[in-house]
Visitor: 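Let me begin by handing over the structure; questions about it come next.
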Amino acid sequence: MMVAVVRLLMADPDTYPTQRPMGAFRNDELGVEEPPSSAVTRMPWIDIHQHGHTMSWGDRERFDLSGCEAAVFVAAAAHYAPYRPMRPEDVRFLWDDAIRRSHAIGRSHFFDPYLAIGIHTTGPKVDYEDLFDVLPEYAALDEVVALGETGISMTQYSEPMAIEDQEAVVREQMRVADDQDLPILLHTPSVTKSEPDKWLTGKTEEGHDLADPVLDPATAKLDATKMDVALADEVGLAHEQVVLDHAHPSMAEFVMEQTDCYLAFSIGQWIRTTTVEDVSAVIEEYGPERVILDTDVAGMYQTQPFAMKRAILDLVRSGVEEEDVRKVVYENPKEVLGLE
Ligand SMILES: [Zn+2]
């Protein structure tokens, strides 16, 4: 394969037996030193944050088709939550349903399904302390590789969740992560795609009613990130086990310069404004060592099952080294999840 590429680059167009002129399409005339490697089409990826158990069989087949080695189904999200504060049994329904589905999915797909179990803060919770008693047992299951998603949220479905209550559930999940040496996935507040300057609040583009924000929308992204890191420090959870997710350029400087946490960009949903340019800019400035790419794809949103594969190709096209792309879509997720 390499021989053919070198020949093509060095070929003298005058020696081609073609009737049409070849010159304008020669790589050397176009300034292409090395064409993209076909190995990129076979790059494996591990999606550290997604909700594949809520998607269709056909969507998950697209993970298989595009090189997915493993995916973490986040069982915590309030997507199917009732539009009222959630009781402990509502949360456990989400956990139990994801566990059951992951077993069936593992039998009919090629990628390995894993789970993240958590108490999310995008839906208010009542009697959440009851969940603290059983959370360690769930976290100890073989298929559970992370806590979360959780983290301080700006706004909630149905009713606000007070900051003190949010801190209590995040703190407890960090304790379990620390005890069981697991990573924790921390959701950070969302921005809208149609109006990128506005933080997601009020009605979402799909008409969900969101309660009044409990943080200042103008600074919520960074404020929540700092509160999450402060809680990890309070608990004594190692930064290497903390994944600050749904990254936005406005968080990058703080996370990369003042913490040792991972910064994870979510690229598969309309709700996120992340672009490949954002990701490549952060890799260029800080290196790939603590950067992760995930999709956050889920069945209830306009979502892109090929998001990861497309991002891999686009990152290479944008000039990011192949080995750096592999680090953020494969090596780093594998390491933080302990899938070695
Ligand atoms: Zn999610």
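FYI, side chains are in, hydrogens and waters are out, and symmetry mates aren't considered; it's all heavy atoms of this structure. Both counts, for ligands and for their atoms, begin at 1 and track the order of listing.
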Visitor: Which atom, counting only N, O or S, brings Glu149 closest to the Zn ion (ligand 1)?
Guide: OE2
Visitor: Within the stated cut-off of 2.8 Å, is an N/O/S atom of His187 closer than that to the Zn ion (ligand 1)?
Guide: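 Short answer: no, not a single N, O or S atom is under the cut-off.
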Visitor: Any N/O/S atom, side chain or main chain, of His49 closer to the Zn ion (ligand 1) than 2.8 Å?
Guide: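 His49 does place an N, O or S atom closer than 2.8 Å to the Zn ion (ligand 1).
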Visitor: Is the closest side-chain donor-acceptor distance between Asp296 and His187 under 3.5 Å?
Guide: no
Visitor: Suppose the criterion is salt bridge (Lys or Arg N to Asp or Glu O under 4.0 Å): which pairs have a residue in residues 281-292, not counting sequence neighbours?
Guide: none
Visitor: Can you tell me which N/O/S atom of Asp296 has the shortest distance to the Zn ion (ligand 1)?
Guide: OD1
Visitor: Can you run down the ring-ring contact (aromatic ring centres under 6.0 Å, His included) pairs that involve residues 129-153, sequence neighbours left out, and say none if there aren't any?
Guide: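 As it turns out, the ring-ring contact (aromatic ring centres under 6.0 Å, His included) pairs with a partner in residues 129-153, which skip direct neighbours, are Trp95-Tyr138, Tyr128-Phe132.
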Visitor: Under 4.5 Å between any side-chain heavy atoms of Glu69 and Tyr330, yes or no?
Guide: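 Glu69 vs Tyr330: side chains touch.
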